[in-house]
Amino acid sequence: MTVAETDGIGEHRLALQSALGDDIVLTDADAMAHYCRDWHGDVTSGAVAVLRPRSTEDVAASVRICRALGLGIVPQGGNTGLVLGAIPDMPERHVVLSLERMNRIRKIDADDFSAVVEAGCILWEMKEAIAEKGMFFPLALGAQGSCRIGGNVSTNAGGINVLRYGMTRELVLGLEVVLPDGSIFDGLSTLRKDNRGVDLKQLFIGAEGTLGIITAVSIKLMPYPDKVATALLGLASLQDAISLYRRARRDCCDLMSAFEFMPPLAFTLAREAMPDLPIPIAPDYPAYVLMEISGSGLVDIDDLMQRFLEGVMTDGLVVDGTIAASQAQARNLWLIREGMNEGQAKRGSHMRSDISVSLSQLASFVADAEAAILQALPDCISVSYGHVGDGNVHLNVLPPVGLTPGERAERIYQAKTVLNEVVDRYHGSISAEHGIGRLKRPDFDERLPETHRKLLTAVKHAIDPGLMMNPGCQLNFQPKS
Ligand SMILES: Cc1cc2nc3c(=O)[nH]c(=O)nc-3n(C[C@H](O)[C@H](O)[C@H](O)COP(=O)(O)OP(=O)(O)OC[C@H]3O[C@@H](n4cnc5c(N)ncnc54)[C@H](O)[C@@H]3O)c2cc1C
């Protein structure tokens, strides 16, 4: 008998195995390690067990036995969340429940413009299966090869197409959820209009697994946009990028599907990650925009992009630009955006943020925040980029090389404190798209208005009176012993 089997954890493991079987319950430390480490590998944890159900009934049975044992449940999708929402912080009291084996597409209905998918479907694989039917699911983010639709719904993920199609919330038609008492909320409708009282599914979208476990999702589909034009543009300032965005929405008939802002440092960072990446524009303009318009059917997207750029260049709003002539060239332009993330990671641990302010204040916010960080931390570099159309900026701060881990951690903490102060002044959000998880809990808690806290507490206690769902995530509700 091992040490664990003689203590409380060992008893819990035996009880889980006897209720659910060895196929569902993992307890081996090596096998569990992968589920107990965050995306960047900065934080590792442990768990009583990792549960890997194959069906909604398995999830319900898992919830019932965890409830009987007084164990907290941490749901996990692709574990790509960047705020420590999907790994336990009390390894001796929490299980991880991975949805990875619930990855079936239940239905794709092109006539109804809808699909029903299980929560563990990997976003990219699901989109490929949908594309084979000539349809399109517009959620698109850097982690799409690993994140899972249940995780996307639980974080209300954003990504590059939000300006046209909305956050995940706007793409969800219905949900199936296992509740903390083991019962199943069957709300998998594909109706687009349904005003029969309160829309209960909304409670679980963005709840980060604190109210129940999403097991299946019905989603909206669009016709596949087989015509796409992508351009990389050099501009004189971020303010010009915002003016360009406003004009593009009008001139391009709201067919714009992406509009990303990047600083000139993006090219250096991207090349640090991908040395052979082609950079088809002079790399020293003050600001860059990566813009995409797309559509299907009778519209001439290439002509629209061409005429739009002629107009804005004539008016001096865009200084320089290049339009991708092929899918491969478009892919290379997007690799600059993705490569700059990898380049930052290569420079070591740094302060990552995910902020939104109103669009009209975005340029002055970035200027103020970068100035405040420069004043407080003159040896650090700020990198601001993001989804301009959503007022969403990732303002990251890179400490210099050669610091000790303690010095880096201190710089990161100081940068976050300075940045949050500027965000508060602008009445912005400290989490535009990644959620709260455990990482941002103190900052969220500190800023939570009393009425919001009362409502959140009332909802939590009503749905999860045992406080067993994702304890420690968003707010610090821990399970009762
Ligand atoms: C390279 C990279 C790029 C990214 N880009 C973006 C971006 O552009 N926009 C954006 O919004 N995010 C982005 N993210 C963050 C992340 O990919 C998203 O938050 C994503 O939606 C998380 O999905 P997941 O399946 O990995 O969830 P996980 O990380 O596994 O879980 C996230 C949270 O949801 C809960 N959860 C997971 N599945 C369920 C379920 N079935 N039921 C109940 N609760 C559940 C977890 O407990 C956790 O609290 C990025 C991450 C990376 C690594």
Side-chain angles (χ1 to χ4, degrees), residues 34-42 53 56 59 62-63 72-89 94-103 117-124 126 139-162 167-169 171 175-180 185 203-217 258 260 273 337-342 344-345 352 354 356 385-387 390 392-394 431-441 464 469-474:
H34 158 75
Y35 301 88
C36 298
R37 189 172 42 227
D38 82 314
W39 173 261
H40 288 284
D42 294 345
T56 304
V59 174
S62 303
V63 168
I73 301 178
V74 180
Q76 190 176 94
N79 199 11
T80 68
L82 300 172
V83 290
L84 307 181
I87 57 169
D89 55 1
H94 297 167
V95 301
V96 173
L97 189 145
S98 167
L99 278 300
E100 67 187 354
R101 285 157 139 189
M102 290 193 61
N103 59 359
V117 296
E118 289 186 347
C121 288
I122 290 183
L123 178 59
W124 177 252
M126 192 188 101
L139 181 63
L141 46 146
Q144 60 187 358
S146 306
C147 63
R148 296 174 190 268
I149 186 69
N152 301 141
V153 174
S154 300
T155 54
N156 186 27
I160 57 170
N161 292 156
V162 171
M167 301 282 279
T168 302
R169 187 183 298 281
L171 304 171
L175 291 181
E176 178 186 86
V177 183
V178 173
L179 299 174
F185 167 76
L203 283 171
F204 304 99
I205 304 176
E208 298 180 73
T210 59
L211 297 176
I213 300 169
I214 296 171
T215 46
V217 189
E260 298 287 301
R337 171 70 171 80
E338 289 164 27
M340 74 174 289
N341 280 344
E342 284 180 43
Q344 290 173 77
R352 294 183 286 268
D354 167 32
S356 63
Y385 59 101
H387 317 301
D390 316 324
N392 179 190
V393 57
H394 301 296
S431 182
E433 47 177 24
H434 296 164
I436 301 299
R438 292 174 177 78
L439 187 70
K440 294 193 181 176
R441 188 182 72 209
D464 181 20
M469 288 307 313
N470 213 354
C473 182
Q474 292 193 343

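Note that the structure is predicted; figures quoted are calculated from it, not measured. Remember, it's 1-based here, ligands and their atoms both numbered in the order they're listed.
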Could you tell me whether the side chain of [Y] reaches within less than 4.5 Å of the side chain of [X], counting heavy atoms only?
X      : Y      : result
Val74  : Arg438 : yes
Cys147 : Leu141 : yes
Ile205 : Leu175 : yes
Met102 : Val59  : yes
Leu82  : Trp39  : yes
Ile87  : Asn79  : yes

Note the single closest protein heavy atom to [atom], along with its residue, its atom name and the distance in Å.
atom                    : value
atom 7 (C) of ligand 1  : Glu433 OE2, 3.3 Å
atom 52 (C) of ligand 1 : Ala143 CB, 3.6 Å
atom 43 (C) of ligand 1 : Ser154 OG, 3.2 Å
atom 11 (O) of ligand 1 : Gly158 N, 2.8 Å
atom 31 (O) of ligand 1 : Ala86 CB, 3.7 Å
atom 28 (P) of ligand 1 : Asn79 N, 3.5 Å
atom 12 (N) of ligand 1 : His434 CD2, 3.4 Å
atom 20 (C) of ligand 1 : Asn152 ND2, 3.5 Å

What about [X]: any of its N or O atoms under 3.5 Å from an N or O on ligand 1?
X      : result
Gly81  : yes
Gly78  : yes
Ile214 : yes
Thr80  : yes
Pro75  : yes
Trp39  : no
Gly77  : yes
Leu141 : no

Check: Within less than 4.0 angstrom of ligand 1, does Gly212 place any heavy atom?
Finding: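 A heavy atom of Gly212 does come that close to ligand 1.
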
Next item on the list: Determine, using heavy atoms of Gly159 and all atoms of ligand 1, whether some pair is separated by less than 4.0 Å.
Entry: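 It does; at least one heavy atom falls under 4.0 Å.
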
At a 4.0 Å threshold, what atoms of ligand 1 neighbour a non-hydrogen atom of [X]?
X      : answer
Cys147 : 23 (O), 24 (P), 25 (O), 26 (O)
Leu99  : 41 (N)
Ala157 : 11 (O), 21 (O)
Gly209 : 43 (C), 44 (N)

Checklist line | Evaluation steps, side-chain contact (heavy atoms from CB on, under 4.5 Å), between Asp89 and Arg441 | finding: CA-CA 13 Å; Asp89 55 1; Arg441 188 182 72 209; 4.0 Å; yes

Next item on the list: Determine, considering heavy atoms only, which of Thr155, Ile73, Thr168 sits nearest to atom 19 (O) of ligand 1.
Entry: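 Heavy atom nearest to atom 19 (O) of ligand 1 belongs to Thr155.
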
Checklist line | Selected option - heavy-atom contact closest to atom 37 (C) of ligand 1, from Gly120, Gly85, Gly151 | finding: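 Looking at heavy atoms only, Gly151 sits closest to atom 37 (C) of ligand 1.
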
Can you measure from [atom1] ([X]) to [atom2] ([Y]) and round to the nearest 0.5 angstrom?
X      : Y      : atom1 : atom2 : value
Thr56  : Ile214 : OG1   : CD1   : 12.0 Å
Gln144 : Met126 : CD    : CE    : 10.0 Å
Thr210 : Asp464 : OG1   : CG    : 8.0 Å
Phe185 : Leu203 : CZ    : CG    : 8.0 Å

Check: Which part of Asn470 is near ligand 1, with near meaning a heavy atom under 4.0 Å away: side chain, backbone, both or neither?
Finding: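 The side chain, only.
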
Notebook entry, point to check: When the ring planes of His394 and His387 are compared, do they come out parallel, tilted or perpendicular, using 30° and 60° as the limits?
Noted result: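 Rings of His394 and His387: perpendicular, as their planes differ by over 60°.
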
Notebook entry, point to check: Among Asn152, Ile149, Leu99, which residue meets the side-chain contact (heavy atoms from CB on, under 4.5 Å) test with Cys121?
Noted result: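 Among the candidates, only Ile149 passes.
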
Checklist line | Ser98/Gln76 under side-chain hydrogen bond (donor to acceptor under 3.5 Å, both in side chains): CA gap, chis, key distance, verdict | finding: CA-CA 5 Å; Ser98 167; Gln76 190 176 94; 4.9 Å; no

Checklist line | From CA spacing to verdict: side-chain contact (heavy atoms from CB on, under 4.5 Å), Tyr385, Asn341 | finding: CA-CA 10 Å; Tyr385 59 101; Asn341 280 344; 2.8 Å; yes

